[in-house]
Amino acid sequence: MTTLATGTDTLTRDALAVLQPGFDGTTAPDWVRRRLGEGLASVALFGRNVVTEEQVTALTAALRAERDDLLVAIDEESGDVTRLDVRTGSSFPGNHALGAVDDPDLTRAVSRELGRRLAACGVNFDWAPSADVNANPDNPVIGVRSFGASTDLVARHTAAWVQGLQSTGVAACTKHFPGHGDTNVDSHHAVPRIDVDADTLYARELPPFRAAIAAGTRAIMSAHILVPALDPDRPGTLSHRILTELLRDELGYQGLIVTDGMEMRAISGTYGLEHGVVLAIAAGADAICVGGGLCDEGTVLNLRDALVAAVRSGELPEERLADAAARVRALAAWTAGARGGAAETAPDPEIGLVAARRALRVTRNGPAAAINTPVYIAQFEPERNIAVGDQTPWGVAVELARLLPGTSVASFTGDGAGADALAAADGRRIVAVVRDEHRHPWMGSALDTLLAARPDTVVVEMGLPQAAPRGALHIATYGAARVCGAAAAEAVVAG
């Protein structure tokens, strides 16, 4: 696209203000610094930008040297979706583990500690929590990111999570409106569709968002899902009916509306990135998330220019863009004020492990010898969704090797995984680690093979525990965070 906007006029500044772009590298790029001076009001951090908390703190400080009221966003759900702990696994269990405990005070304490860590790093906007009701256990992208399948449970924990995080001055962004839990398609790849009637949507999907609004969530993220009962033509992110008539007018929400990642194929592959951004702002979105994949200056300039051109052509009302930019700046102002006035809380670095231990569900299916010697860990690896990513380690190997020196681990996948693992174990006691066994027939077959030959096998399920517990000892962690693996390893040794 030809660059149309070269100055720093109000229209150009507003077009830059609604963008929340990512960038490459672990230091502040020159092009980001320049655009902050021209009106860019937000940046987003992803796993590629994180090495250590000290490095992130230096990065955000360098960015704020250009603009003090900058929004620094991150996709930090804890649990399986972590950016702050992308190289080690999360220090906090995710939503499904917290839902399994069902203690809102614990959820509030966990999100408060997360918020404290984010704030200390200079991050003031978190694209979390997920308020999706996991109505479809085969959902390929939500799963353990949800607090559970009960609307009431999800609602009370969404509210608690928002309250805990925002008590530290970090803005919460409740997602994915109007609810991504009953889908069987990942919107990173295509447009999911929810074919239920409006009464079901209002009773099942919306209450957690109502609870988040009542709890004061500063932002809500839209979903790239088609909900014909609400809008038969356009997905939520591009739907005036869903973003403006339902969320703004009917639910009374006045905070920031941010889109899910716009380069996801549900939008970019259907409408085109630039046109999709214009449609989203016109529909009622205020901020555009982009940068999970496209993270260069050219993308930012193209989107800026598409918005400017849409205003000049009459496709996008100038007052709608101005309103969106004003909401971004208002959130930035809130975080700046909250940063100075947030209540100080004593750090509680052990709260994540405490929560993970409370979430464990241990099932003993018969007598088995205690484990006090090295074991062989067979980790059955499913394909990961894009939200989780492939950088973050998971499993029980690190902690179990510490508790049982000499323990070894290998990963297996696909047909024949069970036989391969059995041969590799070479007679050693096996700990089989799975993730969403119910969604992967090959994984179930692998366990069949192992248990037929070695009924003393310990099974650790680190996804949704939908399959019947089996193995001499079955441990459900309700998520694959690092602390969930540590809690499970303790349970293996304890028997």
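Residues take their numbers from the sequence shown, with the count starting at 1. Values reported hereafter were calculated over all heavy atoms of this structure, with side chains retained and with hydrogens, waters and symmetry mates removed.
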Aromatic ring pairing W127/F46, orientation class (parallel under 30°, perpendicular over 60°, tilted between): tilted

Apply side-chain hydrogen bond (donor to acceptor under 3.5 Å, both in side chains) to the pair D102 and H157, showing each step before the final yes or no. CA-CA 8 Å; D102 195 14; H157 286 278; 2.7 Å; yes

Carboxylate-amine/guanidinium proximity below 4.0 Å for R108 and D103: no

Rounded to the nearest 0.5 Å, the CZ atom of R312 sits from the CG atom of L11 at a distance of 5.5 Å

Do E381 and Q379 get their side chains close enough for a donor-acceptor pair, meaning under 3.5 Å? yes

For the pair S239 and D231, evaluate side-chain hydrogen bond (donor to acceptor under 3.5 Å, both in side chains) and give the outcome as yes or no after the intermediate values. CA-CA 7 Å; S239 170; D231 186 332; 2.7 Å; yes

Quick check: do T82 and F92 have side-chain heavy atoms less than 4.5 Å from each other? no

Does D69 pair with R64 as a salt bridge, N-O distance under 4.0 Å? no

Validation row: R117, D85 side chains within 4.5 angstrom (heavy atoms): yes

Does R241 reach the main-chain N or O of G236 with its side chain, forming a donor-acceptor pair under 3.5 Å? no

Run the numbers on R482 and S91 for side-chain hydrogen bond (donor to acceptor under 3.5 Å, both in side chains), then give the verdict. CA-CA 6 Å; R482 177 181 59 81; S91 302; 3.0 Å; yes

Heavy-atom side-chain contact between D323 and R320 under 4.5 Å: yes

Salt bridge (Lys or Arg N to Asp or Glu O under 4.0 Å) partners of R439, counting only residues at least two apart: D436

State, yes or no, whether a side-chain contact exists between I225 and P235 at a heavy-atom distance under 4.5 Å. no

